[in-house]
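This report refers to the structure that appears directly beneath it.
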Number of protein chains: 2
Amino acid sequence: MSVTIKDVAKLANVATSTVSRVIANNPRISDGTKKKVRDAMHELGYHPNAIARSLASQSTQSLGLIMPRSTDIVFQNPFFLTLLRGISEGAQNAQYTLLMTTGKSDKEIYDGVVQIVQGRKVDGVILLSSQVEDDILSYLYKRKFPFVLIGKPYKYKDKITHVDNDNFSAANEATKHLLTKGHTKIAFIGGSRKLTVTMERLLGYREALETADIPVRDAYCVHEEFLSSGGQEAVKGLLDLPDPPSAMLVTDDLMALGVLRVCNDLGISVPESIAIVSFNNTMMADMSRPPLTSMEINTLDLGYQAVTSLIQHISQPNEPIKRVIIPHSLVIRETT
Amino acid sequence: MSVTIKDVAKLANVATSTVSRVIANNPRISDGTKKKVRDAMHELGYHPNAIARSLASQSTQSLGLIMPRSTDIVFQNPFFLTLLRGISEGAQNAQYTLLMTTGKSDKEIYDGVVQIVQGRKVDGVILLSSQVEDDILSYLYKRKFPFVLIGKPYKYKDKITHVDNDNFSAANEATKHLLTKGHTKIAFIGGSRKLTVTMERLLGYREALETADIPVRDAYCVHEEFLSSGGQEAVKGLLDLPDPPSAMLVTDDLMALGVLRVCNDLGISVPESIAIVSFNNTMMADMSRPPLTSMEINTLDLGYQAVTSLIQHISQPNEPIKRVIIPHSLVIRETT
DNA sequence: CTGAAAGCGCTAACAC
DNA sequence: GTGTTAGCGCTTTCAG
């Protein structure tokens with residue numbers, strides 16, 4: 001097999017425990033032996049076995065990444081790529097590696113989580129987005145396993161470290177932007193009703209309308225997947241209405257792109273006939289024709305802060321639960 | 001601590017080795033004891049510790065994912081997201097989990113690799129793209145560590161399992177497409193010259209021109225990063241030429257989008273004044289205005305086949321080295 | 001400041 | 001079929 005701590009100990013004429021201490025850079029070891037041991041390591045090309053270390057020290061220097069939605073969907077959205085970039089930067093900075101589990105069905109995903117959590121393959125877990133009834137979240141919470149949620153928990157709000165935007169306000173402001181543009185018939189195209197983020201944004205949207213004394217119409221609120229096709233479906237339904245909306249609040253750029261495409265195909269001019277405000281402000285918002293007015297939610301930060309909070313939570317489990325709110329800002333382009 | 005194999009053994013009145021065998025579903029165990037042990041596991045809520053298993057069995061059921069380019073760049077390109085989807089599907093199907101290491105500098109990335117490889121955190125590694133002189137590739141090759149390359153190795157071609165497109169032919173066909181459209185002044189906008197994929201495509205491009213008796217001009221060949229900004233830089237330089245090209249072969253959609261943007265800003269009509277053929281056929285090719293003619297390289301398959309090959313290579317190390325070529329096809333849209 | 005020795009939780013010969 | 005036992009490679013008391 002490969003070279004172990006024993007070989008190093010033998011060559012350096014010390015005990016294995018001393019070698020171990022040198023690896024951990026224990027200050028109680030004299031500089032002399034430190035050098036001796038390090039030389040031996042070099043000579044043998046020694047590199048510590050992380051697995052053995054993990055077993056003995058009960059820590060892995062890995063973080064789990066859980067996507068509680070089918071990978072089919074998540075992996076098609078550039079939003080996720082940016083989030084991943086933020087997460088990976090944070091992990092890299094703290095010398096953690098990332099372990100991903102994925103799955104197509106809820107069961108597959110859940111089993112994957114159990115495997116890495118109970119299998120102790122990770123020191124903590126990042127949960128991307130939460131549902132109203134979230135099995136995985138409950139599982140982690142009950143086991144008291146360190147985790148951070150990107151999004152807002154439905155239950156145990158002040159018992160779960162989470163990183164989120166103020167989605168109520170963001171949607172509220174986005175809707176108001178549309179109102180100031182003179183729109184009164186504003187539709188809401190959101191993701192699944194099971195997601196807390198969707199519900200938050202829906203509330204923000206409703207509040208804006210109510211404040212403006214505009215009745216909220218159920219027919220104007222549709223829910224689809226965060227895909228271009230989702231946006232297409234949604235807008236088709238809305239345009240078929242006897243009294244179609246003149247503006248739409250779309251909670252994802254990819255969906256908005258679908259909306260835009262349908263409008264384009266139907267010869268509906270944007271923003272003249274239909275105004276659109278979108279969410280996430282991904283690269284696509286800037287690239288589309290016309291460029292999308294989109295809510296910047298600072299996705300990169302969302303990911304980065306999530307890892308940072310998680311690592312802090314792991315190293316100081318007794319610190320109080322943290323809640324980080326990432327700022328948002330509307331980027332106005334040409335669809336409004 | 002949590003419940004271990006010993007607790008199960010005690011409750012079921014068997015030896016730990018028996019429990020271990022039940023976990024591995026060893027056929028030599030009688031159905032009776034199997035049931036007895038499983039019941040005990042259930043009762044205690046036992047779940048095997050993956051780390052301990054790994055240490056004892058010298059296998060982790062994890063695969064490493066190495067991005068040999070700065071994450072800043074990779075994580076901005078939707079191409080990568082699709083690749084990741086393919087990889088993750090393959091891994092999931094085979095019950096492997098994915099471990100990602102990233103880094104900003106070459107050194108960071110290299111150190112990350114050493115850490116997971118020598119640290120034995122993974123059973124094998126997927127290397128995304130290769131450079132002409134590739135330290136990481138050499139390292140893995142010399143250590144005889146199981147890995148698969150997505151792309152073409154510069155050295156040891158038939159000693160390294162790799163999954164790739166026929167990039168020479170792909171670029172060749174793309175160029176010929178432009179030639180048949182009547183273009184003779186065709187530029188090449190590619191990625192870094194260090195990447196084998198760039199060099200392959202450049203060769204395919206040159207061969208097409210030479211066959212058509214068109215001299216290859218060095219000024220027409222530019223190399224930039226796979227970013228929108230890279231495309232913008234490139235096209236600006238080309239348009240400043242005394243005799244600017246009328247068509248461009250761009251080896252990435254994101255770059256092509258940058259090209260398109262500059263053309264748009266300058267009032268240059270596409271495809272009338274400048275024709276563009278791009279590569280990768282990501283979602284963006286379809287979304288851009290005008291939609292990009294782009295080379296479909298079946299990115300999802302590229303990722304999926306890579307994992308499959310790697311897993312096979314791990315389980316049967318003595319099988320011959322495999323080389324998988326994923327087909328390509330030009331998707332003609334409105335930029336040519 | 002350093003060494004001896006007991007484990008971390010599991011697997012895999014080797015017995016019987 | 002099942003138990004005994006010796007590790008996997010490292011960390012961490014406890015001595016000294």
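Since we're looking at a predicted model, the values are computed, not measured. Sequence lines set the chain letters: A, B, ... in the order given, protein chains first and strands last, and positions in each chain run from 1.
Under the side-chain contact (heavy atoms from CB on, under 4.5 Å) rule, A:Ser130 has a single partner from A:Leu195, A:Ile150, A:Leu137, which is A:Leu137. No option in B:Asp39, B:Thr33, B:Asp31 other than B:Asp39 meets the side-chain hydrogen bond (donor to acceptor under 3.5 Å, both in side chains) test with B:Lys35.
Atoms CZ (A:Arg28) and P (D:dT13) sit 10 Å apart, rounded to a whole Å. The separation between B:Leu55 atom CG and D:dC10 atom P is 9 Å, rounded to whole Å. Atom CG in B:Asn49 sits roughly 11 Å away from atom P in C:dC8 (whole-Å rounding). With rounding to whole Å, B:Lys6 atom NZ is found 14 Å from C:dT11 atom P. The separation between B:Gln58 atom CD and C:dA13 atom C1' is 15 Å, rounded to whole Å. Atom P of nucleotide C:dG3 and atom CD1 of A:Ile5 are separated by 12 Å, given to the nearest angstrom. Whole-Å rounding puts the B:Ile51 CD1 to C:dT11 C1' distance at 15 Å. Note: NZ (B:Lys10) to C1' (D:dT2) measures 19 Å, nearest angstrom.
Take the nearest nucleotide of DNA chain C for A:Thr16 and for B:Thr16: the residue whose nucleotide is more 5' is A:Thr16. Taking for each of B:Arg21 and B:His47 the nucleotide of DNA chain C with the nearest heavy atom, the 5'-most of the two is the partner of B:His47. With DNA chain D read from its 5' end, the first of the two nearest nucleotides for B:Gly32 and B:Ala56 is the one closest to B:Gly32.
Using a 4.0 Å heavy-atom distance criterion, A:Ser20 is classed as a base contact. Contact annotation for B:Asp31: no contact, since no heavy-atom pair falls under 4.0 Å across all strands. Within 4.0 Å (heavy atoms only), B:Thr33 reaches sugar-phosphate atoms of the nucleic acid but no base atom. B:Val19 comes within 4.0 angstrom of no nucleic acid atom, judged by non-hydrogen atoms across all strands.
For NZ of A:Lys157, the number of neighbouring non-hydrogen atoms (other residues, nucleotides, ligands) closer than 6.0 Å is greater than 12.
Contact between the side-chain N/O atoms of A:Thr4 and the OP1/OP2 oxygens of D:dG9 is not found at any separation under 4.0 Å. An OP1 or OP2 oxygen of C:dC1 is reached within less than 4.0 angstrom by no side-chain nitrogen or oxygen of A:Ser30.
Applying the 3.5 Å distance criterion, the base of D:dT11 shares no donor-acceptor pair with the side chain of A:Ser17. With hydrogens and angles ignored, no donor-acceptor pair under 3.5 angstrom links the side chain of A:Arg53 to the base of D:dT12.
You'll find that the side chain of B:Ile23 is closest to C:dT11, out of C:dT11, C:dG3, C:dC8. Candidate nucleotides D:dT2, C:dA4, D:dT4 were compared by shortest atom distance to the side chain of B:Ile29, and D:dT2 ranks first.
B:Gln61 and B:Gln95 share no donor-acceptor pair across their side chains, judged by distance under 3.5 Å alone.
Closest approach of A:Asn49 and B:Gly119 over heavy atoms only: OD1-O, 3.5 Å.
Between A:Tyr156 and A:Tyr141, the ring-plane angle classifies as parallel under the 30° and 60° cut-offs.
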